[in-house]
Amino acid sequence: MLGVTFLVFALLHIMPGDPARAMLGPEASQETVEALREELGLNRPFLVQYGSWLWRVVQLDLGRSVHGSHDPVTEIIARHWPATLELTVVAMFFATLFGAITGIVSAVRANHLVDHVARTVTFLFLAMPGFWLALEMVIIFSHHLGWLPATRRGEPVGSVEWIRHMVMPGFVLGTGTWAFLSRILRSSMLEVLGADYIRTARAKGLPERRVVFKHALKNALIPFVTIAGMSLGALLGGAVITETVFSYPGIGREMIGAILARDAPVVQGIVLLLAGVFVLTNLAVDLLYMVLDPRIRVGGAAG
Amino acid sequence: MSERSHPFAVFVRDFRRNRLAVAGLVIVSGLVLAALSSFVFAPWDAVASQQRELARSGMSWQHPLGCDDYGRDILLRLLYGARISLLVGLTVVGIGMSIGAVTGLISGFFGGWVDSVLMRIVDIFLAFPFFLLAIAIAGFLGPSLQNAIIALGIATVPDYARLVRGSVLSLREFTFVEAAVVSGAGKRRIMFLHIFPNLVGTLLVYGTLKISTAIMAEAGLSYLGIGAQDPVPTWGKMLSEMRGAMLFHPWHIFAPGLAILLTVMGFNFLGDGLRDLLDPRLRKVMRTAGAGV
């Protein structure tokens, strides 16, 4: 995590343009810019700057936006993060639920019609750019049918309006992960279903339903859970685009705005937050992994 | 005794039997043809110059797919976009693979503190979701197609480093490496002449799969406005430019999207097919995956 903060900070330094100049505007004189650089500590050595920045980050002070309101970055994040979190959770829920359903059905009915359809559809969704899918859905569902709103977020959370605003972004963001998870589960299910202990379970005369759900699924779920956890990163990255397409007031859209406006502290804060969330989820997945598979213990899970 | 065929002939025969690989090759060939034809039919002037009187016009004989907001022919821009997409896919994979493979090779071969240091650096990069890292780097470098390519290349380095390191670790244990050591071969010689050739197949498969990720991610960056800038016609950029007219001419945004879809699918098919042919053991490590875009 310390390395992460360093990389985030180093990236800021590569960013072209002078933050002091950006804050004061092009009309400011060279002396005022220099004075502000001095005040902001921009003339100090790189590592010293990094140290003091890190110290402030630990105290949850991410600096202020260099544009417009000069709002503290933490405030901007607090304002937009819940929306992104909701969107990501909805997409994740959709992806895992449907991924599990199509994956299992596909494996149990391997090489039947259902399987072929599921595999074709998942291949299509894997190759489909989310923003394109989003635009096509807006054309169909918002403009032609008028069923769903094309932009913004509905409030309060959990209301009908909220759900109506969430359906399309949640679906679009989740499709890639859904398709990926479905394919993973199918192949791990097929592998497990061919194992000896499954044959034993069947030979014992257990009902097929019990064999599939109790015996096979338990082992086949391990890669599924790992990949689902790792997919969170893809979802957080994808949320940036999804939010932009749907003008959804989340943190990703805020970040793009900040990048285009060269608002370094905001970009830095958001990237740091998202990377932190990603690292923590990966940690959580590792722990969950140990619960699911008792063979893996802390010592063996290193690496 | 059966007649022995040349290994390449065997490969060609197996390839032709693999429907997935053939389908991929057909699509990718189509893309290459489109890219090549852009040199003939779509000179820079035609894709960049604006003709206001044609703005947002529909389909016609002169402009089969119509024109965009600035009166530029969409079909020609699509063809030019094929050239760019191919360039993006190859250069991104080239950057990521060359840096990543060397890192992984050194890390896996030398082990010890070299390995620890390199892998910690890789871990730092892996702490960022791929697309987010690409956005961050591209954003910091400033929006342009070239920077997007660099950003995507850097963002994929850790994947190759990890993959190559793992393969090197297992290859190192083989007897042929031991034999080379015993016969007095130098470290560099063993690394590049004995171990590296065994990685070519793996890298070829992985690289092919990664081309699709690169193309998709570049489209995403360009759509967001932090990739290619006007008037460069990349598919992602075109999608974002033509949103305004999408209700009057749904086809205008359908076409570039379809182009991306087909291209990504083509490379996925080809990569999957090659993987099954060259090294089926890789199934576990490499799977077709979207870029999360």
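Letters go in sequence order (proteins before strands), and every chain restarts at 1. Just the heavy atoms: all of them, side chains too, but no hydrogens, waters or symmetry mates, feed the values below.
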So, A/Ser182 side chain and A/Trp178 main chain: donor-acceptor pair closer than 3.5 Å or not? no
State whether the side chain of A/Trp132 and the backbone N or O of B/Ile253 hold a donor-acceptor pair below 3.5 Å, judged by distance alone.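 Looks like yes, one N/O pair under 3.5 Å.
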Can you tell me which of B/Gly266, B/Gly257, B/Pro256 forms the most heavy-atom pairs within a distance under 4.5 Å of chain A? B/Gly257
At a heavy-atom distance under 4.5 Å, which candidate from B/Ile135, B/Ile226, B/Thr263, B/Leu262 has the highest pair count against chain A? B/Ile135
Using only heavy-atom distances, determine whether the side chains of A/Glu191 and A/Ser187 contain a donor-acceptor pair under 3.5 Å. no
Against chain B, work out which of A/Ile256, A/Thr244, A/Val138 has the most heavy-atom pairs shorter than 4.5 Å and name it.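 Ranked by heavy-atom pairs under 4.5 Å with chain B, first place is A/Ile256.
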In terms of heavy-atom pairs under 4.5 Å, which option from A/Thr177, A/Leu236, A/Leu124 contacts chain B the most? A/Leu124
Measure distances from B/Phe267 to the heavy atoms of chain A and classify the residue's part below 4.5 Å as side chain, backbone, both or neither.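 The answer is neither part of B/Phe267.
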What part of B/Ile215 is in contact with chain A, defined as an atom under 4.5 angstrom from a non-hydrogen atom: side chain, backbone, both or neither? neither
So, do A/Met255 and B/Leu132 sit near enough that their side-chain heavy atoms are less than 4.5 Å apart? yes
Contacts of A/Phe278 meeting ring-ring contact (aromatic ring centres under 6.0 Å, His included) (sequence neighbours excluded), chain-then-number -> none
